[in-house]
2 protein chains.
Amino acid sequence: MYMPRYVDETARRRLIAEATMRLVAADGLQAASVRRIADEAGLSMGSLRHYFRSQDELIVYTMRLIRDRVRDRIQKLDLPPDDPVAAATTLLSELIPLDRDRMAEFEVWLALSGRSLVNPALAEVREQSDTDIRRLCERVVRWFCGDAEDERIRLETERLYALVDGLALHRAMQPDATTTEAVVATLRRHLEALRGD
Amino acid sequence: MYMPRYVDETARRRLIAEATMRLVAADGLQAASVRRIADEAGLSMGSLRHYFRSQDELIVYTMRLIRDRVRDRIQKLDLPPDDPVAAATTLLSELIPLDRDRMAEFEVWLALSGRSLVNPALAEVREQSDTDIRRLCERVVRWFCGDAEDERIRLETERLYALVDGLALHRAMQPDATTTEAVVATLRRHLEALRGD
DNA sequence: CCTGTTTTAGCACAGTTGTGCTACAACGTG
DNA sequence: CACGTTGTAGCACAACTGTGCTAAAACAGG
């Protein structure tokens, strides 16, 4: 018994998923056909289908990959333990596409989120991500008003979560109408107000 | 010279656009093919193409129709002049899909907004709508802190706008994770905080 | 070398896509 | 009625879609 595996399967999958992301970021989800993805990845159709049995599987993998990357980035942040406002700003800034790369990534995420409304497998990935982000927001809220009653915490969590996603959405949709500084300032303003009352 | 027009062209266009909305709401933008739209509208392909020379034209018309309807609804609201919190809640609630019909409408809007990232004609419609909503938010902000300096007004406008769009997005994406009451309560909380400081 | 497995390549097929086009039915006006 | 415009119907076409499939190349172990 032997196993002649001479390619890194995971790396190949990532290569393909990244080609998919480039296409979706540039021309939308409709541009992500199997043939075009294979082309963009520098592979043949047959080779691509060796790693993903169907297009659906590939799309789901791509969305999972983005989710995992965001998770990793947040995991690896080191936050100043003595400055809640700065820590929260750093943390939540990670959820808003401030630079070019993150914007492309977020655009792909948005496109896949859109399709998740009609694709259960994608919906599951999105829901997991939603839960993560909501927990993150709750954590932040507790830094600022940890002694408040549960109902208040819940409300402020939803408020912060909505603000973050709204800022991210606007940043993606109107990249020229906003600046990094303005977004961060808005975030900071909200956090300070949260502490204030 | 005579003009035998025996059908209401605008009504026909709306009929087609509404069929499009139903399809997009149910199965996403990818399901909105010319043939399926014609079927859903109860027309033939040829007839449809008599009212819209291309699919693109139809899609743009559909997005414009939604934008105009939202505008009209907001225009027709009568707001209590003596209660800013109630007035603002009424106004902004119109931007968040609280009932079934608005949710479907908003899902279509989201799908079209997504495509607007790669379709200039759609992008124009979206930008107009963005401007409208931003003005609306600014108006509301001025009710609460009209005496603040411009920079503050601008920041609070962006904050409110992001909150509203975030709430709308969450409502559309996770219809079961939120209730109408919770959304309205969050909105009210924000407005009261706006007045508070 | 040979054997067995993995990987690559790409054709085949049936189905769908948007749009161009022609033919005819429906209708108000003269 | 007949003319001319408007509306409807749907075929034709080339392009593209996802997936099934076969065949061969690349490689590791014997």
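Quick caveat: nothing in here was measured; it's all calculated off a predicted structure. Residue numbers begin at 1 in each chain, while the letters A, B, ... track the order of the sequences.
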Let's test your reading of the model: under 3.5 Å, does the base of C:dG18 pair with the side chain of B:Arg49 as donor and acceptor?
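No.
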
At less than 3.5 Å, do the side-chain atoms of B:Arg12 and the base atoms of D:dG7 form a donor-acceptor pair?
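For B:Arg12, whose side chain was compared with the base of D:dG7, there is no donor-acceptor pair (under 3.5 Å).
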
Is any side-chain nitrogen or oxygen of [X] closer than 4.0 Å to OP1 or OP2 of [N]?
X       : N      : value
B:Tyr51 : D:dT6  : no
B:Arg53 : C:dT19 : no
B:Ser47 : D:dG7  : no

Starting from [atom2] on [N], measure out to [atom1] on [X] and report it in whole angstrom.
X       : N      : atom1 : atom2 : value
B:Ile37 : C:dT16 : CD1   : P     : 16 Å
B:Asp56 : C:dT17 : CG    : C1'   : 15 Å
A:Leu48 : D:dG20 : CG    : C1'   : 15 Å
B:Asp39 : C:dT17 : CG    : P     : 11 Å
B:Arg35 : D:dA15 : CZ    : P     : 16 Å
A:His50 : D:dG20 : NE2   : C1'   : 15 Å
A:Asp27 : D:dC16 : CG    : C1'   : 15 Å
A:Leu15 : C:dT7  : CG    : P     : 14 Å

Which nucleotide in the list [options] gets nearest to the side chain of [X]?
X       : options               : result
B:Gln55 : D:dA9, C:dA9, C:dG18  : C:dG18
A:Ser33 : D:dT17, C:dG10, C:dT6 : D:dT17
B:Ser54 : D:dT8, C:dA9, C:dT19  : C:dT19
B:Met45 : D:dT19, C:dA9, D:dA12 : D:dA12

Of A:Gly46 and A:Arg36, whose nearest nucleotide on DNA chain D comes first from the 5' end?
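On the 5' side of the pair lies A:Arg36.
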
Mark yes or no for whether B:Arg67, through its side chain, and B:Arg126, through its backbone, hold a donor-acceptor pair below 3.5 Å.
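Such a contact is absent between B:Arg67 side chain and B:Arg126 backbone.
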
Counting distance only, does the side-chain N/O of A:Thr157 pair as donor-acceptor with the main-chain N or O of A:Ile153 below 3.5 Å?
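Confirmed, A:Thr157 side chain pairs with A:Ile153 backbone.
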
Rounded to the nearest 0.5 Å, what separates atom CH2 in A:Trp109 from atom CE in A:Met21?
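The distance works out to 10.5 Å.
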
In Å, rounded to the nearest 0.5 Å, how long is the span from CG of B:Leu110 to CG of B:Leu169?
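Going from CG on B:Leu110 over to CG on B:Leu169, the span is 6.0 Å.
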
Given the ring of A:Phe52, does A:Arg13 sit roughly above its face, with NZ or CZ under 6.0 Å from the centre of the six-membered ring and within 45° of the axis?
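Geometry flag: set, cation within 6.0 Å and 45°.
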
